[in-house]
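The block underneath contains the structure these notes are about, expressed in structure tokens.
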Amino acid sequence: MRSGQARLAIDYGSADTTAVLAWPDGTWTPLLFDGEPALPSAVLLSEDGTTVTGHHAWRAAPVTPHRFIPHPRQPSEQRLTVADTDVDPLDLVAATLRHVAEQAHQLAGTGIDDVRLVVPAGWGPRRRTWMRHAAHRAGLPPPQLIDAPTAVAGHLLATGLQLPVGAYIAVCDVGATAEVSVLRRGPAGFEVLATLADPTAGGTAIDDALTTTLTTSPPGTGGQRWAMVASLRAGKHALTDHPAVTVPLPDGPAVVLHTGLLDQAAQPVLHRIAHLTTEAITAAELTPRDLTGVYCVGGTARLPLLAKTLTDAGITSTLVDQPTLAAARGAADAGATNTIDPTTTEEPLPPVRRAAAIALPGFASLALVSQFLLTPEWRGSLMYREAILNWGELTMAAVFAVIACLSAGTVLASTIANRTTTPTSPGIHTGTGILAAASLGVAVSGMYAVVGSLYVGYPVNGFLRWTLLPITPTITAAAVMALIAARQWRTPAGGWSKLLAFPTSSVITAAAGMLLIQYSLTADRWPHLILWIDLAGRVGGLLLGIGTVMAVVSQPILRLILSAPLAVITAALVSWPASGILGAIYAIAVTTWWLRQMWTHLLRPHHPHRPPQ
């Protein structure tokens, strides 16, 4: 028995009803009805006045078709006549909700006081009040009504989708009917910008089209019609796992139903759904490119042809995991303390250990520029002395300075975004922090050039060429990332501070390699030290090559394969004329790392419903 008060969330649809029970510890379970997670919303009024619900109603429909109501959810002011008797649809809906409540009570083992009902976003106050009355007649406590697209969006957040504040999404809910809604995530939750519904674009219309395709004559309105519809529904669902199934027909021989026939019957309906989606996006004054994603839920959303039809209309869609339970799952999580709160910021607070990733490139930069200034090779006479400088070491010092500044700026911006109480989007803080850090990195690199020029006594333009030019591609990539963060186009998994954490193993290895190279080039070469000094330079070249590969490749096996040839090449290049080339090689590797981070985590098309890699 789980501890804590259970929450019951019910998604009462036109054709099927699903429900889940959730507990405070974050666990949840779907309610099963005759072993199925979906309970048909259909009801049948028996002659003794009792109401038969769900699968039992469908099984009894061929015997007493005039007492069968396949879609009890009617407009609030409408009355029904069943077997010459006026029936209030409210009682029919209450019968199904009562069935769900009994099943939930058996599973929970105790009473349930927290009930959530999923309703279409297009429902007004009258229909929402009508649904509350139905819940009251079913014996449920006063329910909390949650819009279906808002519930689905909450489910997406709870399953790990990164949706920054300000992002737009569309929810395509395709069950027996179709409803498409466009939402925006604001600081206080999701806001429905536009919603359009079409009762003729859904599973019911596809069932009717299949009936017409597979039969030579209409089955009429008697028991044969409901038996045929039930058989076709079962066959259509079976096609999810099988390419073809045999469907028995009540008025003739069995027929083979395959995906080709289903696509033929569904295509006109799915085209209407694609058109409805386009209209909903337009009604929200957006274009498909403005959306972070289009997410499809509902039983009919499982049809592979739906995604293709939407793609042909210029809309890239994603099928939500467990599409029939997504709305109920999201409703169960709404307001729960164990779930992700839509009002929280998107940037995770960086851990304290991230300080090491900032300190290491900073200290490496200071060590390299200090050795560069203190160990020039002077040649010539007293009247004319020429300094031979390791320009590659100066380049690497500038590169490490930029890496340290960007890491520090992003961590500080992320911390401020988490601590602020203003409604400003956290992406603004992060984008500003990246730009400020990039500017500081350029300033530090420029300072290295000026100090080096004054210390050595050479014109500053040569120093600027080896400090500013190599870091220009990295600064450009940082500016693009700052724009992405500020506009909240996409937030990387783990936050920006994690994305911009340059691999410390590469920093340590490459810095140690360049320090050894400079030592081998400038150390006093006493006869008994020549071999040792040359060996130190070759080892430094090997380490620099290995550090370069570590910056570009993350997989250990690829690092091992690529390090061997590049390390041999960089070791062979150790010399005064090639010192600048060695620094430029590492600067190119750092730029490559930045471009890979940008493409992999920000620009490459992905499936947002999947957990980030």
Side-chain angles (χ1 to χ4, degrees), residues 352-377 387-412 433 436-458 460 462-472 474-475 478 497 500-523 536-537 540-541 543-544 546-548 550-551 579-580 582-587 589-591 593-594:
V352 176
R353 65 177 180 274
R354 195 67 52 78
I358 304 171
L360 283 174
F363 285 128
S365 176
L366 292 176
L368 290 174
V369 75
S370 299
Q371 188 185 43
F372 169 80
L373 295 175
L374 297 175
T375 59
E377 180 78 9
I388 308 300
L389 300 170
N390 186 347
W391 296 113
E393 188 170 34
L394 180 62
T395 293
M396 289 183 62
V399 169
F400 285 144
V402 171
I403 293 174
C405 290
L406 286 170
S407 298
T410 309
V411 169
L412 291 175
S439 301
L440 179 61
V442 173
V444 172
S445 300
M447 182 189 68
Y448 285 172
V450 173
V451 172
S453 172
L454 294 175
Y455 189 83
V456 178
Y458 276 14
V460 73
F463 291 84
L464 290 174
R465 182 169 60 250
W466 288 99
T467 55
L468 296 186
L469 286 182
I471 67 173
T472 299
T474 300
I475 296 299
S497 61
L500 302 187
F502 191 79
T504 55
S505 59
S506 174
V507 173
I508 295 173
T509 307
M514 182 54 74
L515 289 171
L516 286 174
I517 290 173
Q518 179 67 353
Y519 168 76
S520 70
L521 295 176
T522 59
L543 291 176
L544 181 59
I546 295 172
T548 301
M550 287 180 173
S579 62
L582 295 175
I585 289 174
Y586 191 77
V590 173
T591 301
W593 180 86
W594 274 79

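Remember, it's a predicted structure, so these values are computed and weren't measured experimentally. Just the heavy atoms: all of them, side chains too, but no hydrogens, waters or symmetry mates, feed the values below.
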Practice item. Could you tell me how the ring of W391 sits relative to the ring of F372: parallel (under 30°), tilted (30 to 60°) or perpendicular (over 60°)? Key: tilted
Between [atom1] on residue [X] and [atom2] on residue [Y], distance to nearest 0.5 Å:
{"X": "I388", "Y": "T522", "atom1": "CD1", "atom2": "OG1", "value": "12.5 Å"}
{"X": "Q518", "Y": "L582", "atom1": "CD", "atom2": "CG", "value": "11.5 Å"}
{"X": "S370", "Y": "L515", "atom1": "OG", "atom2": "CG", "value": "10.0 Å"}
{"X": "M514", "Y": "N390", "atom1": "CE", "atom2": "CG", "value": "5.0 Å"}
{"X": "F400", "Y": "F363", "atom1": "CZ", "atom2": "CZ", "value": "14.5 Å"}
{"X": "L394", "Y": "L373", "atom1": "CG", "atom2": "CG", "value": "8.0 Å"}

Point to revise | side chain to side chain contact (heavy atoms under 4.5 Å, CB included) evaluation trace for W593 with S506 | key: CA-CA 11 Å; W593 180 86; S506 174; over 6 Å; no
Which pair of non-hydrogen atoms, one from [X] and one from [Y], has the smallest distance, and what is that distance?
{"X": "A510", "Y": "M396", "answer": "O-CE, 3.6 Å"}
{"X": "S445", "Y": "L468", "answer": "CB-CD2, 4.1 Å"}
{"X": "A401", "Y": "Y448", "answer": "CB-CE1, 4.2 Å"}
{"X": "A437", "Y": "C405", "answer": "CB-O, 3.0 Å"}
{"X": "A536", "Y": "L516", "answer": "O-CB, 3.6 Å"}
{"X": "A551", "Y": "P503", "answer": "CA-CG, 4.4 Å"}

Exercise for review: Under the side chain to side chain contact (heavy atoms under 4.5 Å, CB included) rule, what do T474 and V399 come out as? Steps first, then yes or no, please.
Suggested key: CA-CA 9 Å; T474 300; V399 169; over 6 Å; no
Exercise for review: Begin from the C-alpha positions of L389 and W466 and carry the test side chain to side chain contact (heavy atoms under 4.5 Å, CB included) through to its verdict.
Suggested key: CA-CA 11 Å; L389 300 170; W466 288 99; over 6 Å; no
With no hydrogens and no angle check, is any side-chain donor or acceptor of [X] less than 3.5 Å from a backbone partner on [Y]?
{"X": "S407", "Y": "A404", "value": "no"}
{"X": "S453", "Y": "A449", "value": "no"}
{"X": "T548", "Y": "L544", "value": "yes"}

Check your understanding: Between the side chains of T395 and Y586, does any donor sit under 3.5 Å from an acceptor?
Key -> no
Point to revise | Identified side-chain contact (heavy atoms from CB on, under 4.5 Å) partner of L454 from the options V456, V450, V451 | key: V450
Point to revise | The single option from L366, V402, I403, L406 passing side-chain contact (heavy atoms from CB on, under 4.5 Å) against P361 | key: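 Exactly one pass, corresponding to I403.
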Review point. How far apart are the C-alpha atoms of M550 and V507, what are their side-chain angles, what is the distance that settles it, and do they pass the side chain to side chain contact (heavy atoms under 4.5 Å, CB included) test?
Key: CA-CA 9 Å; M550 287 180 173; V507 173; over 6 Å; no
